[in-house]
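Please read the structure below before turning to the comments.
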Protein chains: 2
Amino acid sequence: METVTIKLLAERLKLSTATISKALGDSHEISEVTKKRVFDLAKELNYVPNAYASSLRKNKSKTIAVLIPEVADSFFSIALNGIEEVAIEKGYHTLIYLTHEKLEREKAILSELLYGRVDGALMSVSSETDSFEHIEDFGKKLPVVFFDRVASAPATAKITTNDFECGYLATKHLIEAGCKRIVMLSISKSLSIISERSSGFQKAVADHQLDPATCEVVNCIGEGKTVHTTLTTILQGNNRPDGIIATVERLTTDIYLVCQQLGLQIPGDVKVVCFSNQASAVILNPSLTTITQPAFEMGRAAAKALLKRLKNPYLNLEEESEVIPSVLTVRNSTGG
Amino acid sequence: METVTIKLLAERLKLSTATISKALGDSHEISEVTKKRVFDLAKELNYVPNAYASSLRKNKSKTIAVLIPEVADSFFSIALNGIEEVAIEKGYHTLIYLTHEKLEREKAILSELLYGRVDGALMSVSSETDSFEHIEDFGKKLPVVFFDRVASAPATAKITTNDFECGYLATKHLIEAGCKRIVMLSISKSLSIISERSSGFQKAVADHQLDPATCEVVNCIGEGKTVHTTLTTILQGNNRPDGIIATVERLTTDIYLVCQQLGLQIPGDVKVVCFSNQASAVILNPSLTTITQPAFEMGRAAAKALLKRLKNPYLNLEEESEVIPSVLTVRNSTGG
DNA sequence: AACATTTACTTAATCGTTTACGTAAATAAA
DNA sequence: TTTATTTACGTAAACGATTAAGTAAATGTT
């Protein structure tokens with residue numbers, strides 16, 4: 001099967017490759033008659049432009065990179081959905097990279113992407129990320145847009161949700177439901193979203209005169225067993241918390257399981273609220289009070305900002321920043 | 001910031017671009033001394049090869065495409081995880097495309113990918129896909145590997161799970177739990193996995209002398225409201241089913257909700273088993289009996305097969321087909 | 001009629017990397 | 001010592017598309 005290139009079309013039509021290229025680009029330099037001949041033959045032979053030749057020449061790849069910590073988290077998969085939708089709409093392609101919460105991966109990926117493969121990147125930093133040089137280096141060459149988990153540098157568009165308010169709101173909700181000893185489960189010491197949420201948490205604790213000593217932010221780093229063990233330790237103490245705020249979705253299952261195993265009733269003994277986009281929150285036992293982030297919209301907004309910038313290099317990305325509010329949905333896990 | 005190219009390295013080291021290129025490729029034609037000089041300078045200047053130039057010249061992009069119906073389904077997001085892991089390991093990049101269960105999208109994506117952008121594709125066909133010419137056309141140019149939802153053509157590696165047995169097993173399990181009127185919820189008339197699962201279903205029904213008239217496969221196509229309405233209709237009839245098998249994860253929430261709304265007890269009035277990879281199955285109310293597919297392994301196997309083929313063009317992909325069994329985990333939704 | 005402009009092309013260079021082929025010097029084989 | 005081989009590089013042509021610059025003919029202007 002012979003590869004259909006511009007050269008082939010040119011030969012068949014007794015035209016130069018330049019004419020073909022311009023005709024396909026619908027240039028005003030080419031007559032309508034010729035354009036039609038070119039379009040027709042291109043269609044007939046099923047011509048598809050070679051993306052790499054074009055990218056090399058134009059120094060544009062029509063491709064963006066998405067760096068996320070993991071994909072098996074509803075927030076990220078839904079956000080990815082939003083990103084992909086915008087990308088496809090504008091004729092862009094989406095490369096996906098999972099950092100698995102590792103700073104090393106993040107660095108390796110960004111440095112490899114520096115030349116030629118993508119026109120820009122969307123990212124949500126890993127939970128290990130506490131320095132930003134690698135991102136700044138990337139940012140000097142190509143535009144980056146952060147969503148959800150942002151870095152303090154470089155200065156660019158940041159699509160976030162109202163994490164501080166949500167931390168405050170979740171805490172306030174628990175306090176009003178009668179909780180005195182609230183624990184917020186964190187997964188990182190450096191993550192922007194976590195520090196925002198915990199600031200909100202601490203402010204709510206202070207505002208309502210709870211004892212800050214019994215209301216702490218606890219790290220729940222690791223996977224599987226580790227989380228389970230940490231939670232068991234937290235929940236079996238004498239002075240165990242009567243309220244839990246999970247800052248990430250994947251902690252939900254372990255919280256419920258540990259409570260079950262320790263014979264703790266939700267919401268009787270412990271009230272639970274999770275930052276989660278799981279559709280199943282409503283059918284859990286008991287149904288789960290959640291803070292639902294606008295994952296899809298955040299993905300869309302981030303992609304839109306990046307693509308806007310790619311269209312207009314003079315765009316100041318910082319001004320494209322957006323804060324899209326999350327929603328607290330009260331269900332039975334914090335009820336009666 | 002000057003772009004660091006092979007040409008630049010060549011000038012700095014007073015060597016030809018050919019020598020630099022070969023040195024970077026660790027060619028035997030180049031002396032160790034020269035190689036070291038090249039490597040050192042490349043590292044110092046932070047040289048990153050231009051992927052497009054290389055791809056154009058070598059006619060290889062080190063990129064694979066992943067076409068999946070959606071990503072907000074645990075199966076696909078976990079499979080994607082497996083794919084990405086293998087890809088990164090072998091130095092490949094992963095483009096992601098969501099078909100949103102639309103045949104049109106699938107066609108458009110594949111035809112655009114025909115030249116240059118990727119070296120091959122992994123796909124799970126959309127639920128609308130009932131003809132395969134577009135995939136065959138792609139397959140003539142580039143290798144494809146199917147996972148989970150396979151097409152009958154072209155002949156290539158198919159990474160599946162034991163859908164027939166699982167359909168049989170799920171049904172048998174419900175029958176042994178006392179169900180007489182079992183409904184299997186489908187989402188497509190053409191999907192390979194569905195026809196396999198429903199064949200298993202029908203065989204189990206026949207083997208156990210249940211009335212095939214009351215044990216049917218019902219289409220539950222559409223999203224949100226539509227599914228809810230369909231389920232309500234099914235479950236409120238006089239002769240309503242006492243057993244449900246959901247062939248896809250996303251039906252779970254609606255099943256539970258409709259049962260709640262109609263005052264039907266699970267498992268008392270209706271027993272439920274779902275094909276699902278949701279971690280939350282265990283904390284649902286009641287906990288959900290599932291058939292869990294080896295999503296991660298399937299993703300890995302599919303990616304491995306494709307990359308193996310890319311390394312060895314003579315590899316017969318058909319022989320790389322694999323069937324990785326799923327696991328039935330019995331929980332409370334089919335108990336008592 | 002003389003000159004200017006527009007139209008519709010072509011020529012050739014370019015993007016950065018790879019590679020077939022060429023070559024001069026060093027080493028080995030006869 | 002002469003010829004063959006190996007080593008270590010360089011030259012230049014690709015890969016396919018784009019585009020600045022050039023050109024000849026057609027059309028417009030005064």
Side-chain angles (χ1 to χ4, degrees), chain A residues 1-39 41-42 45-63 91 112-119 141, chain B residues 1-39 41-42 45-63 91 112-119 141:
Chain A
M1 212 177 348
E2 196 177 6
T3 307
V4 184
T5 65
I6 274 193
K7 203 171 144 197
L8 182 76
L9 297 181
E11 281 163 13
R12 294 280 181 96
L13 295 174
K14 310 270 178 228
L15 288 169
S16 73
T17 59
T19 304
I20 307 291
S21 175
K22 288 174 187 166
L24 291 171
D26 202 22
S27 160
H28 64 274
E29 288 183 57
I30 308 299
S31 72
E32 292 305 321
V33 185
T34 306
K35 277 184 196 169
K36 183 154 176 19
R37 289 179 62 213
V38 175
F39 282 137
L41 186 66
L45 301 185
N46 233 307
Y47 168 76
V48 178
N50 182 302
Y52 289 119
S54 159
S55 297
L56 175 59
R57 180 58 225 247
K58 297 206 286 190
N59 199 22
K60 281 187 189 161
S61 63
K62 280 270 176 184
T63 305
E112 198 184 334
L113 290 180
L114 256 185
Y115 293 94
R117 208 173 270 276
V118 299
D119 297 340
K141 269 265 169 195
Chain B
M1 212 173 357
E2 197 179 5
T3 307
V4 184
T5 65
I6 275 192
K7 205 170 142 197
L8 181 76
L9 297 181
E11 281 164 14
R12 295 280 181 94
L13 295 174
K14 308 269 180 230
L15 288 169
S16 72
T17 60
T19 304
I20 306 292
S21 175
K22 288 174 190 166
L24 291 171
D26 202 21
S27 159
H28 63 274
E29 288 182 57
I30 307 299
S31 72
E32 292 306 322
V33 186
T34 306
K35 277 185 198 170
K36 183 156 178 13
R37 289 178 62 215
V38 174
F39 283 138
L41 187 65
L45 300 184
N46 234 307
Y47 167 76
V48 179
N50 183 302
Y52 289 120
S54 162
S55 297
L56 175 60
R57 179 57 225 247
K58 296 205 287 190
N59 199 23
K60 281 186 190 163
S61 63
K62 280 271 179 183
T63 305
E112 198 184 333
L113 290 180
L114 256 185
Y115 293 94
R117 210 173 269 278
V118 300
D119 297 340
K141 268 266 169 193

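In what follows, chains are A, B, ... by sequence order, proteins preceding strands, each numbered from 1.
With hydrogens and angles ignored, a donor-acceptor pair closer than 3.5 Å exists between the side chain of A/K22 and the base of C/dT10. Under 3.5 Å, the side chain of B/K14 and the base of D/dG10 form no donor-acceptor pair of N or O atoms. Checked by distance alone, A/R57 brings a side-chain donor or acceptor within 3.5 Å of a matching partner on the base of D/dT18.
For the OP1/OP2 pair of D/dC9 and a distance below 4.0 Å, the side-chain nitrogens and oxygens of B/S31 include at least one atom meeting the criterion. Not one side-chain nitrogen or oxygen of B/S16 sits closer than 4.0 Å to the OP1 or OP2 atom of D/dT11. For D/dC9, the OP1/OP2 oxygens have a side-chain nitrogen or oxygen of B/T34 closer than 4.0 Å.
No contact: B/I20 has no heavy atom under 4.0 Å from any strand.
Atom NZ in B/K58 sits roughly 16 Å away from atom P in D/dG16 (whole-Å rounding). Atoms NZ (B/K36) and C1' (D/dA8) sit 19 Å apart, rounded to a whole Å. In this structure, B/D26 places its CG atom 14 Å from P of C/dT19, rounding to the nearest Å. Computed from coordinates, the A/I6 CD1 to D/dT19 C1' distance equals 12 Å when rounded to whole Å. Atom pair B/H28:NE2 and D/dC9:P shows a separation of 13 Å (rounding to whole Å applied). In this structure, A/E11 atom CD and C/dT10 atom P are separated by 13 Å, rounded to whole Å. Between B/L24 atom CG and C/dG16 atom C1' the separation is 12 Å, expressed in whole Å. In this structure, A/N50 places its CG atom 6 Å from C1' of D/dG16, rounding to the nearest Å.
Side-chain proximity of B/S21 to the nucleotides C/dT19, D/dC15, C/dT10 is greatest for C/dT19. Of the candidate nucleotides D/dA21, D/dT18, C/dG16, C/dG16 has the atom lying nearest to any side-chain atom of B/A53. Distances were taken from every side-chain heavy atom of A/L56 (C-beta onward) to each of C/dA8, C/dG16, C/dT18; the shortest belongs to C/dG16. When distances run from any side-chain atom of B/A18 to the nucleotides D/dA8, D/dG10, D/dT18, the shortest one goes to D/dG10. When the nucleotides C/dG16, D/dT18, C/dT17 are ranked by their closest atom to the side chain of B/P49, C/dT17 comes out on top.
The side-chain contact (heavy atoms from CB on, under 4.5 Å) with B/I20 is formed by just one residue from the set B/I30, B/V38, B/T34; it is B/V38. With respect to A/F39, the side-chain contact (heavy atoms from CB on, under 4.5 Å) criterion is satisfied by exactly one of A/K36, A/R37, A/K35: A/K35.
Under the 4.0 Å criterion applied to side-chain N and carboxylate O atoms, A/K62 and A/D119 are not assigned as salt-bridge partners.
A/L9 has its side chain out of reach of A/T5: every pair of non-hydrogen atoms, C-beta onward, lies at least 4.5 Å apart.
The nearest heavy atom of DNA chain C to B/E29 and to B/Y52 marks one nucleotide each, and the one closer to the 5' end goes with B/Y52. If B/N59 and B/T19 are placed on DNA chain D by their nearest nucleotide, the residue sitting closer to the 5' end is B/T19.
The heavy-atom pair separating A/A10 from A/S16 by the smallest distance is CB-C, 3.8 Å.
The closest side-chain donor-acceptor pair between A/S55 and A/R117, if any, does not fall under 3.5 angstrom.
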